Colleague: 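My questions will all concern the structure given below.
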Amino acid sequence: MEISRRGFFKVSAAASFGVGLAHSKEIILPKIDESIERELTNFLPEEWIPSVCGLCRAGCGMLVRKVNGKVTGVKGNRRNEISKGALCPKGFASLQYQFHPQRIYSPLIRKGEGGSPDSFQNIPWSQAFDLILERLIKLRTTNRTHSLIIFSRRKGELEWSMARHFADVYGTPNLIEYDMPNDCLLSEAIYKTSGVKGDLSFDFSSANLIVSFGNDWLQTYRDFVSANRGYALSKTSQPDVRSKIIQIEPRYSITAMKSDRWIRCNPAAEGMAALGVVFYMISSGNYDTEFANDYIENFDDLKESISRINFDRILEITGISEGEFRYLTRELASAKPAIAIGRRTDLFSQGLILLINILTGSFNQLGGAWIIPDDDALEFNKSLDPTARSGLSKVSLSKNSLNMIKVLERIIEKDPYRVEAAFFCNVNPVYNYPGLGVDAIEKIPFSVTFSNFLDETALYSDIVLPITTFFEEYEVKINYSLEANRIISTCKPLILNRDVMSTADIFLTLGKNIKEVQNNFLWDNSKEIYEDYVRKTFDSAPEIRARLEGYNEFEKSARSEGVLIPRREIKIDKLDFRFLKDINLDRVKVNRDTLKLIIYFPSGFNDFEGCQMPYLLDTIGSHLNSVWEFFVEVNPFTAEKYNLKGESIVYIENQDGKKIRARVKIFNGIMDNVIAAPAGLGRSGEFGITKGIGDNPLKLIPKIFSEFVFPVFGFSEVRIINA
Ligand code: SF4
């Protein structure tokens, strides 16, 4: 029998007032962390305390200023191994996030339609846990634990490890590492070609040449601070060598502005440009033969497939001249170590990026691109009962694809089974994947969002749990230096906030209150989880034990500057690029007359978060004198063709009739017949003064999941109409 959303809440509301809950006793909550309470009430008049920024996964080192015990400011921590004193604009604005008036401080229950803040009521933590536990226990007793799906952005290792621990002992194979639409396909390409779950890390600091196929990496690289430090080092660290940067894309982005050469390319054709380079390198014999034979499965077959490609079609699709392809090939073949980096929105180009890095002989080398496997997080000891083992034996919704679009589509299609419950841990698919996110969440009978705000996904959830920020929690970050060394850094609470709970504490509470699994949750609170994690890290790394006196010194170093663990040599088997065999360029349509919209990702809004911070709203349109509004960049020739005036308001409409509204900004740095808009505005979540500013251009992107074929995610054919 299926229980509807409304039916579920009737049962639960009764249950929370004492009518027969399955776990039938008081909720066991984490114990108060008395040591941190003592520590935080014993302060100096002024102090600077090391911490780690938690607003994205990069984990930059921060010094937090406290005056009379109150947090009043932040700056970069020069001693930090990752960021060496730098912070991005978001890190500098983090106090606006921390003290935002719209932060939520109580669990919420939805009593009405999804999408409206008026549908929510505050409830106590005990009632929120009652409701969640009732659903989880019911799934356990009916052997459907696999139908719980947990999404986590993995911003912190404690959060991720506890999510993984809970998923395993509860019995779901569906712990999904959530990725943004502009971020997910490189790991997908690595997985498809090598079977390794991981990512590529680029050593920008020691490369002689960096060729970017559409990746505005100085603005949107996921480790923004490291990328910019790498750029600075690449220009200054070697006395006789200044690295060269070539940027291929239709827009004069921040990276294009700082490059040595900007090559214009038709929108979304950067993957084809990469294919053109592969064609030229292979057909001219300008590649590292040893690397190619070592790393590429059936290289002779691949050469044969590439030789059959119609190069004239590539010239037509990309708009890049043959002379420019010759130039690119010559540069890449002669500048070892060289980096090729690509759009993270496009599986097709990411596969080719991997291939170019191998052909240049710079793969897994200093100054090149490293594969970093995902398996560096520690696991806690666990014992699995038969229900958990049965759940874990079921096929995962991320099987054969790490792509978020695919996972959301599978939820909608109930493929291979219906998802009964979901936890969205600090992730926001309703905003990041417009249309698809709402469709998916509405197919799930019971969903819980863990968030700092009543954001877009929270507005469609049944329960919302208010969580800590990085100023209020214990957390561990694992990051990678440009040379792919592992850096462990940690933080402790600097602000006491008893109204909210860390994600680690939430999973601990859930685990402690499910009888069959509670023997796996013996910690008292997240402080003990933190200490356990840090101690296990220390015990498992002989390189650290040889350098540092003991656990206490390790923990202190991890908190004050980060501890470096040298890179592990990873054995990568041959990569399989057979997808290139199926390329049929005849299927690719080039429609020169249609206007194309491309979307870019300002650094202030990396991870699509940032609009809550007014300081960041000042930054996104500064190159066009635009603040606090949504705009579209239009080339002067395009403006004339479509009769558009600078500063006028227009509607941009896609082929499905979906529209967004924007102010026209005339910009020479965008190709004719292409328009560009920033992502990050158009929020419908409860963000106070920034709610409702501008529009979300991702609404116009067709829902495409491309299996190594053209076209790609991230652009749309549109009309533009004066409002
Ligand atoms: S890149 Fe910015 S948001 Fe990310 S951790 Fe560093 S300072 Fe924070």
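For ligands, and for the atoms within them, numbers begin at 1 and follow the listed sequence. These figures come from a predicted structure and were not determined experimentally.
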Colleague: What is the nearest protein non-hydrogen atom to atom 4 (Fe) of ligand 1, stated with its residue, atom name and distance?
Modeller: Cys56 SG, 2.3 Å
Colleague: On the six-membered ring of Trp48, is Lys66 placed so that its NZ or CZ lies under 6.0 angstrom from the centre and within 45° of the ring axis?
Modeller: no
Colleague: Taking both backbone and side chain into account, is any N, O or S atom of Cys88 nearer than 2.8 Å to atom 4 (Fe) of ligand 1?
Modeller: no
Colleague: Counting non-hydrogen protein atoms only, what is the nearest one to atom 6 (Fe) of ligand 1? Give residue, atom name and distance.
Modeller: Cys60 SG, 2.3 Å
Colleague: Give the atom numbers and elements of ligand 1 that come within less than 4.0 Å of a heavy atom of Leu55.
Modeller: 3 (S)
Colleague: Output the list of atoms in ligand 1 that are nearer than 4.0 Å to some heavy atom of Gly59, sorted by atom number.
Modeller: 5 (S)
Colleague: Using only atom types and a distance under 3.5 Å, with no angle test, would you say the side chain of Glu456 pairs donor to acceptor with the backbone of Ser684?
Modeller: yes
Colleague: Both conditions, 6.0 Å and 45 degrees, for the charged tip of Arg153 above the ring of Tyr178: are they met here?
Modeller: no
Colleague: State the CZ-CD1 distance between Arg559 and Ile49, to the nearest 0.5 angstrom.
Modeller: 9.5 Å
Colleague: Main chain of Arg486, side chain of Asn479: is a donor-acceptor contact present, judged purely on distance under 3.5 Å?
Modeller: no
Colleague: Any idea which atoms of ligand 1 are less than 4.0 Å away from a heavy-atom of Cys53?
Modeller: 3 (S), 5 (S), 7 (S), 8 (Fe)
